[in-house]
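Structure first, then comments.
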Amino acid sequence: MLKVKLPDGSVREYSRPVRPIDVAEEIGPRLAKATLAAEVDGQVVDSVTPLPESGEATLKLLTRKDPEALRIMRHSCAHVMARAVMRLFDNVQLAFGPTIENGFYYDFDMPHKLSEEDFPKIEAEMAKIVRDDEEFERIEVPRDEAVKICRDLAQTLKVEHIASGLADERTLSFYRQGEFLDLCRGRHIPSAGAIGAFKLLSVAGAYWKGDASRQQLQRLYGTAWFTKEELDKYLAMIEEAKRRDHRVLGKQLELFTVSPLVGQGLVLWLPRGAIIRGQLEAFVRDELIKRGYEPVYTPNIGRVELYQISGHYPYYADSQFKPIEMEEGERYLLKPMNCPHHVMIYRSKPRSYRDLPVRLAEFGTVYRYEKSGELGGMTRVRGFTQDDAHIFCTEEQVGDEFRQCIAMAQLVLRTLGLDDYRVRLGFRDPASDKYVGKAESWAKAEAAIERVARDMNLPGCTPELGEAAFYGPKIDFVVTDCIGREWQLGTVQLDYNLPSEDRFALEYIGPDNKPHRPVMIHRAPLGSMERFIGVLIEHFAGAFPLWLAPEQARVLTVTEKAEEYGRGVEQNLRAEGLRVSGDYRAEKLGAKIRDAQLKLIPYMFVVGERDAAAGTVSVRDRLEGDLGAMPVAAAIDKLKAEVAAKTIRQVVKTTAGLGERGESNEY
RNA sequence: GCUAGCGUAGCUCAAUCGGCAGAGCGGCUGAUUUGUAAUCAGCAGGUUGUGGGUUCAAGUCCCUCCGCUAGCUCCA
């Protein structure tokens with residue numbers, strides 16, 4: 001006897017073997033038709049997976065209204081795509097085909113080089129498969145037999161995966177759809193007909209099992225939705241997101257440029273972009289002073305020996321610009337990090353426990369030779385400036401200092417309306433040898449970080465192994481760009497290693513008149529100015545809040561008769577510290593307004609003969625439109641108040657969500 | 001670095017099968033004097049990313065290099 005509890009609270013009893021689809025059928029044929037999968041006691045299963053024979057089970061039938069059903073359908077669509085590819089091309093080896101945030105992909109190893117030209121015929125074949133509406137049939141077999149099946153199908157990647165990735169599984173499952181049989185954990189929709197609308201998006205290379213030393217596969221990306229309308233809406237959203245890409249807006253709004261002649265990944269800040277950066281730097285600098293940091297300046301190069309001590313060289317040699325070779329074997333490195341220089345400032349004199357914490361801050365420009373394929377826009381570059389600082393403190397001060405660093409990073413993000421971030425705890429991967437320092441130091445540091453994260457209630461941060469810096473664990477603030485990629489912005493890192501005996505052997509004299517070892521904290525609330533502002537451009541879709549806007553206001557004259565008055569107003573505003581320009585062209589007002597609106601200028605000061613006579617300006621708000629005439633002084637006060645408050649009036653929250661935050665690989 | 005795609009005026013893009021390199025915006029000049037999202041006219045602007053090849057003829061086809069884009073790998 002089985003008791004089945006449904007979400008509405010009703011209970012059904014069965015004395016015969018029963019599947020979710022049978023329960024649905026009993027409730028109504030329409031529901032049965034709509035049922036794509038089921039959730040039994042919180043576990044997602046196929047609609048035809050038998051329920052337990054006795055006891056109690058809570059059952060939820062999943063239809064296209066449930067997000068989980070959408071993910072399952074997309075995975076089924078990945079199978080349909082793989083089936084189509086195998087029909088169209090010879091010698092196709094299947095690898096992995098999981099769902100991702102808004103779609104799916106499948107990796108293939110095959111002789112034919114896929115390109116976008118192949119998409120229409122693959123899509124046509126997929127449409128045929130969907131139209132045929134064949135069932136997905138689950139088959140479970142012992143692992144020996146699974147190996148045999150994959151061998152018989154000449155699917156060598158699957159054979160390898162059973163031996164390595166699935167070494168612990170006793171039975172393995174396959175899904176069959178017509179002639180297509182694929183090793184797969186599932187789940188799947190009952191039949192292909194439920195796939196409403198799909199589209200192939202791109203093809204790219206991907207290494208088998210993420211290992212760059214192994215063969216490169218061809219990865220086909222697609223998206224699928226239950227209806228054509230949803231698909232179209234999604235595609236429109238991607239288009240919209242591309243329009244606010246910081247590379248597009250950076251060009252349009254003249255914020256930055258990159259010249260191949262200067263070098264790949266080396267950002268040239270144009271005057272308008274430089275204003276934004278300058279304002280942000282001033283904001284951060286003020287905060288640092290309030291928090292007891294001391295500004296320092298250090299050079300852009302340092303001797304290789306310095307980085308040998310720190311461990312950066314030769315460990316990161318292949319992502320550094322090659323050393324500059326001087327006579328007599330002297331070699332200099334463009335600095336890849338600021339910490340060794342700051343360490344040398346700490347070491348420039350004996351330190352007492354009374355001096356600690358020592359907090360050394362610098363907008364330090366560093367250079368890293370990122371591989372060419374990784375560069376892009378402002379988010380991944382070869383030269384960038386960190387809002388860097390290093391804190392040298394006692395063991396006892398670590399907790400407080402670390403907390404304050406996180407609080408400052410949070411303040412900065414909050415001030416900019418960037419509340420859509422996730423916090424990542426980067427711990428070391430014990431299996432890797434890329435870290436320096438003793439296991440005890442690491443354990444101590446990781447425990448300290450975890451404690452702070454818990455105390456501060458940081459949202460959703462579970463430790464991620466392998467995400468640590470080579471010298472210590474860290475907390476990163478991670479945001480998503482307009483096309484769904486994640487970027488690390490702010491970071492706070494705890495370091496027991498650079499101060500250690502093996503590295504820089506830092507000391508301070510304690511109250512006991514004996515030398516002690518300080519602890520180091522590396523921190524940068526913005527991270528890199530380049531990346532941060534790249535993300536910020538997309539966050540505001542180019543429409544910066546007044547305090548950051550390169551051009552805060554523009555004086556627009558109605559006719560040339562008001563030019564003299566207009567120029568006076570412009571001077572007035574400039575004298576009050578506002579960033580202002582004037583449009584005195586012999587254009588109609590409407591045209592001047594349009595130009596200013598398109599340049600995303602927050603305020604327009606319209607002046608005509610009426611204003612000249614009354615000593616007013618007619619203020620036009622970029623968002624609200626015409627606010628009417630007001631005395632010039634009142635307008636200035638209004639803007640100054642908004643600047644002082646750092647008011648955020650408009651941000652963009654959506655991303656196109658092409659990101660990887662989906663399921664783990666279905667096999 | 002790897003796989004795929006792309007590179008035409010300052011910007012966005014067009015150019016049929018290999019057959020005289022074009023448009024809009026922007027810029028400059030002139031006319032117009034206009035009160036809340038585009039006034040009209042004229043002019044200038046190009047070694048089609050680079051170097052080579054095929055051809056009577058190359059923006060278009062082939063090769064090299066440079067750069068950009070997506071993804072993979074990496075990211076102190």
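Quantities reported herein were computed from a predicted structural model and do not represent experimental measurements. Order of the sequence lines fixes the chain letters, A, B, ..., with proteins taken first and strands second; residue numbering starts at 1 for each chain. Worth knowing before you read on, the calculation uses all heavy atoms, side chains too, and leaves out hydrogens, waters and symmetry mates.
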Examine B:C75: is either OP1 or OP2 under 4.0 Å from a nitrogen or oxygen in the side chain of A:Lys434? Give yes or no. yes
Set of residues satisfying side-chain contact (heavy atoms from CB on, under 4.5 Å) with respect to A:Ala224, sequence neighbours excluded: A:Met73, A:Arg74, A:Cys77, A:Phe104, A:Phe198
Please report, rounded to the nearest Å, how far the P atom of B:A4 is from the CG atom of A:Asp118. 12 Å
Return the value, rounded to whole Å, for the distance between atom CD of A:Glu467 and atom P of B:C74. 10 Å
Enumerate all atom pairs, one protein N or O and one N or O from nucleotides 28-31 of chain B, separated by less than 3.5 Å.
none

According to side chain to side chain donor-acceptor pair (under 3.5 Å), who are the partners of A:Asn300, at least two apart in sequence or on a separate chain? none
Any residue in residues 207-217 of chain A with a heavy atom nearer than 4.0 angstrom to RNA chain B? Just list them by number, or reply none. A:Tyr207, A:Gly210, A:Ala212, A:Gln216
Verify the contact: side-chain N or O of A:Arg485 to OP1 or OP2 of B:A70, cut-off strictly under 4.0 Å; return yes or no. yes
Atom P, compared across B:G18 and B:C62: separation rounded to whole Å: 11 Å
If you assign each of A:Pro336 and A:Glu560 to its closest nucleotide in RNA chain B, which residue comes earlier from the 5' end? A:Glu560
Listed nucleotide nearest any side-chain atom of A:Pro260, set B:A76, B:A70, B:G67: B:G67
Ranking B:G71, B:U34, B:G5 by distance to the side chain of A:Ser115, first place goes to B:G5
OP1 or OP2 of B:G67 versus the side-chain N and O atoms of A:Gln264: is any pair under 4.0 Å? yes
Can you identify which nucleotide, out of B:A37, B:G1, B:A76, has its nearest atom closest to the A:Arg620 side chain? B:A37
What are the residues of residues 594-607 of chain A, sorted by number, that bring a heavy atom to within less than 4.0 Å of RNA chain B? A:Arg594, A:Gln597, A:Leu598, A:Val606
Please state the C1' separation for the pair B:A15 and B:G59 - nearest whole angstrom. 9 Å
In chain order, what residues pass the side chain to side chain donor-acceptor pair (under 3.5 Å) check against A:Asp118, with sequence neighbours excluded? A:His112, A:Lys121
Please list, pair by pair, any protein nitrogen or oxygen found under 3.5 Å from a nitrogen or oxygen in nucleotides 8-14 of chain B.
none

Using the side-chain contact (heavy atoms from CB on, under 4.5 Å) criterion, which residues pair with A:Glu117? Sequence neighbours excluded. A:Ser115
With a 4.0 Å cut-off on N to O distance, would you call A:Glu570 and A:Arg554 a salt bridge? no
Let me know, please, whether A:Glu609 or A:Ser202 comes out on the 5' side of the other along RNA chain B by nearest nucleotide. A:Glu609
Taken to the nearest whole Å, NZ/A:Lys113 to C1'/B:U3 is 7 Å
Between B:A70 atom C1' and A:Tyr105 atom OH, what is the distance in whole Å? 15 Å
So, using side-chain contact (heavy atoms from CB on, under 4.5 Å) as the criterion, who are the partners of A:Leu425 when residues are at least two apart? A:Phe427, A:Ile449, A:Glu450, A:Ala453, A:Cys461, A:Pro463, A:Ile475
Nearest-angstrom distance from the residue atom CG of A:Leu253 to P of B:C25: 20 Å
Kindly state each residue pair satisfying salt bridge (charged side-chain N to carboxylate O under 4.0 Å, His left out) with at least one member in residues 379-388 of chain A, sequence neighbours excluded. A:Glu370-A:Arg380, A:Glu374-A:Arg380
Between B:A41 and B:U55, how far apart are the two P atoms, rounded to whole Å? 48 Å
Do any of residues 372-379 of chain A sit with a heavy atom less than 4.0 Å from RNA chain B, and if so which? A:Ser372, A:Gly373, A:Glu374, A:Leu375, A:Gly376, A:Gly377
Want to know the stems of RNA chain B: at least 3 consecutive Watson-Crick or G-U pairs with distances under 3.5 Å, which are they? B:1-7 with B:66-72, B:10-13 with B:22-25, B:27-31 with B:39-43, B:51-53 with B:61-63
Side-chain donor-acceptor contact under 3.5 Å, A:Thr365 with A:Lys335: no
